[in-house]
Amino acid sequence: MTKKTLSRRTVLKAGAGTTAFALAGSGPFHFIRDAWAQDYRNAPTGSTVTLGFNVPQTGPYADEGADELRALKLAAKHLNGEGDGGMLNTFVYKNGEKTALDGNGINGKKVEFVTGDTQTKSDAARASAKRMIEADGVVMVTGGSSSGVAVAVQGLCQEMGVIFMSGLTHSNDTTGKDKRRNGFRHFFNSYMSGAALGPVLANAYGTDRVAYHLTADYNWGYTTEESVKQFTEAQGWETAAAVRTPLGAGDFSQYITPVLNSDADVLVLNHYGKDMVNSLTQAVQFGLLDKQVNGKQFQVVVPLYSRLMAQGAGDAVKGIYGSTNWHWSLDDEGSKAFVKSFGQEYGFPPSQAAHTCYVQALLYADACQRAGTFRPCAVVEELEDFEFDGLGNGPTLYRGADHQCFKDVLVVKGKENPESEFDVLEVVEVTPVEKVTYDPEIFGGQLGPCNDGV
């Protein structure tokens with residue numbers, strides 16, 4: 001790992017002793033905020049700093065995109081000292097100290113933002129992000145609700161020398177074979193979903209099941225299918241078939257009919273957004289949940305759940321297992337603070353997509369504040385192996401080896417008797433982070449050097 005920069009944290013760690021003195025030169029060391037202002041792309045020179053909120057405003061993941069944008073606007077508001085501060089009131093470091101953010105923007109600069117529409121398409125997302133970087137001068141791009149989009153935009157940000165704080169991206173590839181030094185992911189991934197779900201499914205349905213996978217035909221679908229197969233087969237399950245379906249297919253009837261003629265007794269829907277809503281609804285309409293196969297009641301599993309999807313699918317989600325990165329019903333102080341702020345602003349609870357984007361914005365801002373600069377390589381250094389709490393899911397590590405966050409994973413189930421239109425999922429198990437942590441080498445890839453864009 002190559003460290004090209006000297007961050008404020010590094011200097012502070014070195015103290016006022018000989019090491020810091022030597023690094024600073026022959027005279028007394030004085031830290032100068034934004035001393036590298038002319039040495040990196042889009043260094044802000046005025047009283048404001050601009051962030052790029054690149055989310056799907058159209059396409060099959062548009063519902064998640066709308067919620068992400070709401071959360072990012074709320075984060076900007078809180079960073080600028082407006083509203084009740086939300087999670088700025090609960091965000092603490094490993095040692096218990098509160099965040100360096102003080103509601104005075106980032107590094108004393110007011111936070112402004114521009115928005116773009118990824119359209120849930122990689123090419124459109126790259127074009128939108130490129131426009132933000134070149135025309136709007138953003139120092140960081142965040143958002144997105146597709147792993148295909150995340151990998152594409154992450155690669156662009158690496159090439160152009162800005163930070164990418166990904167939104168909702170669940171593929172192992174994002175921090176696996178396609179990881180980049182300038183990119184960071186707070187959201188969990190397919191491997192973690194599989195590790196959390198496998199034992200729960202075996203306990204609920206037994207160890208002698210036969211699964212049939214319908215899988216979205218892009219990188220997220222592939223790694224989710226792979227990870228769920230890995231961990232269910234480790235419990236004794238067999239896999240009858242795995243069939244790819246196009247993103248945004250709409251009608252899944254042609255894919256569900258063969259399931260009826262197979263010997264599978266479980267259907268795994270590796271679908272997200274409106275695709276999951278449509279495939280699950282149609283599976284129920286086809287009567288799969290009423291079938292008996294191999295002497296067992298047929299079951300459906302949705303590896304990656306969201307409250308927005310569950311609402312869209314209505315009664316079809318009742319009793320169906322899945323995993324989620326975060327849920328608005330959590331009772332830790334950070335989650336309660338975010339739900340309260342978001343609810344006051346918009347009138348309903350936030351989704352997991354909203355939560356992860358809000359947290360990413362705060363984590364980026366905090367890293368800049370601690371570094372005393374927006375210089376990308378200094379921000380990278382602050383985020384690598386950073387440990388924090390108070391932002392939901394308990395203590396969390398931003399692992400330096402692959403820029404993946406590690407925290408507890410939630411296993412959820414569609415609620416049988418919801419008390420409101422938002423009360424559609426219930427947390428049935430919190431899988432400890434130790435059970436979903438893995439060797440960063442298993443997915444290959446290289447972070448490579450960071451890029452300041454000059």
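Residue numbers start at 1 and run along the sequence shown.
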Could I get the full list of side chain to side chain donor-acceptor pair (under 3.5 Å) partners for Thr142, not counting sequence neighbours? none

Would you call [X]-[Y] a salt bridge at under 4.0 Å N-O?
X	Y	value
Asp423	Lys415	yes
Asp67	Arg70	yes
Asp389	Lys94	no
Lys77	Glu345	yes
Asp265	Arg209	yes
Glu381	Arg181	no

Relative to Tyr93, does Arg370 satisfy both conditions: NZ or CZ under 6.0 angstrom from the six-membered ring centre, and within 45 degrees of the ring's axis? yes

Test Tyr398 against every option in Phe386, Phe406, Phe184 by the ring-ring contact (aromatic ring centres under 6.0 Å, His included) rule and name the one that passes. Phe184

Side-chain contact, heavy-atom cut-off 4.5 Å: [X] with [Y]?
X	Y	answer
Glu97	Val92	no
Phe348	Glu421	no
Gln404	Met192	yes

Member of Val428, Leu201, Val427, Thr324 meeting the side chain to side chain contact (heavy atoms under 4.5 Å, CB included) criterion with Val411: Val428

What distance separates [X] [atom1] from [Y] [atom2], expressed to the nearest 0.5 Å?
X	Y	atom1	atom2	result
Ser329	Leu425	OG	CG	8.5 Å
Phe231	Glu226	CZ	CD	10.0 Å
Thr232	His213	OG1	NE2	5.5 Å
Thr215	Leu269	OG1	CG	9.0 Å

Grab the two heavy atoms, one from [X] and one from [Y], that are nearest each other, plus how far apart they are.
X	Y	answer
Pro303	Thr224	CB-CG2, 3.8 Å
Asn182	Cys450	OD1-CA, 3.4 Å
Glu64	Ser306	OE2-OG, 3.4 Å
Asp275	Pro246	OD2-O, 4.1 Å
Gly65	Val55	O-CG2, 3.6 Å
Val162	Val138	CG1-O, 3.8 Å

Indicate whether any N or O donor in one side chain lies under 3.5 Å from an N or O acceptor in the other, for Thr356 and His186. yes

Residue pair Ser335 / Trp326, side-chain donor-acceptor N/O under 3.5 Å: yes

Take Phe298 and Val259, measure what side-chain contact (heavy atoms from CB on, under 4.5 Å) needs, and give me the verdict at the end. CA-CA 11 Å; Phe298 197 96; Val259 181; 3.9 Å; yes

With salt bridge (Lys or Arg N to Asp or Glu O under 4.0 Å) as the test, would you mind laying out the steps for Arg126 and Asp123 before giving the verdict? CA-CA 5 Å; Arg126 276 181 64 97; Asp123 289 347; 6.0 Å; no

Aromatic contact between [X] and [Y], with the criterion being ring centroids under 6.0 Å apart: yes or no?
X	Y	result
Tyr321	Tyr205	yes
His327	Tyr305	no
Tyr191	Tyr438	yes
His355	Phe342	no

More than 12 foreign heavy atoms under 6.0 Å from NZ of Lys121: is that the case here? no

Could you tell me whether Asp439 atom CG has more than 12 heavy atoms of other residues or ligands within 6.0 Å of it? yes

Test log, rule side-chain contact (heavy atoms from CB on, under 4.5 Å), inputs Val141 and Val153: CA-CA 8 Å; Val141 176; Val153 176; 4.1 Å; yes

Under the ring-ring contact (aromatic ring centres under 6.0 Å, His included) definition, can you give me all pairs with a residue in residues 98-130, not counting sequence neighbours? Phe53-Phe113

Any donor-acceptor N/O pair, Asn80 side chain to Glu82 backbone, under 3.5 Å: no

So, the side chain of Gln360 versus the backbone of Ser166: is there a donor-acceptor pair under 3.5 Å, distance only? yes

Assess the residue pair Tyr358 and Leu72 against the criterion (side-chain contact (heavy atoms from CB on, under 4.5 Å)); give the C-alpha distance rounded to whole Å, side-chain angles, the decisive distance to 0.1 Å, and a yes or no. CA-CA 5 Å; Tyr358 178 91; Leu72 289 168; over 6 Å; no

Determine the interplanar angle of the His271 and Phe252 rings, folded into 0 to 90°, and report it as parallel if under 30°, tilted if 30 to 60°, perpendicular if over 60°. tilted

Arg399 and Glu384: salt bridge (Lys or Arg N to Asp or Glu O under 4.0 Å), yes or no, with the steps? CA-CA 6 Å; Arg399 187 163 68 178; Glu384 288 184 339; over 6 Å; no

Decide yes or no on side chain to side chain donor-acceptor pair (under 3.5 Å) for Thr175 and Asp402, but give the supporting numbers first. CA-CA 6 Å; Thr175 48; Asp402 55 2; 5.0 Å; no

For Asp84, all residues meeting salt bridge (Lys or Arg N to Asp or Glu O under 4.0 Å), sequence neighbours excluded: none

Could you walk me through whether Val359 and Phe91 pass the side-chain contact (heavy atoms from CB on, under 4.5 Å) test, one step at a time? CA-CA 10 Å; Val359 170; Phe91 182 7; over 6 Å; no

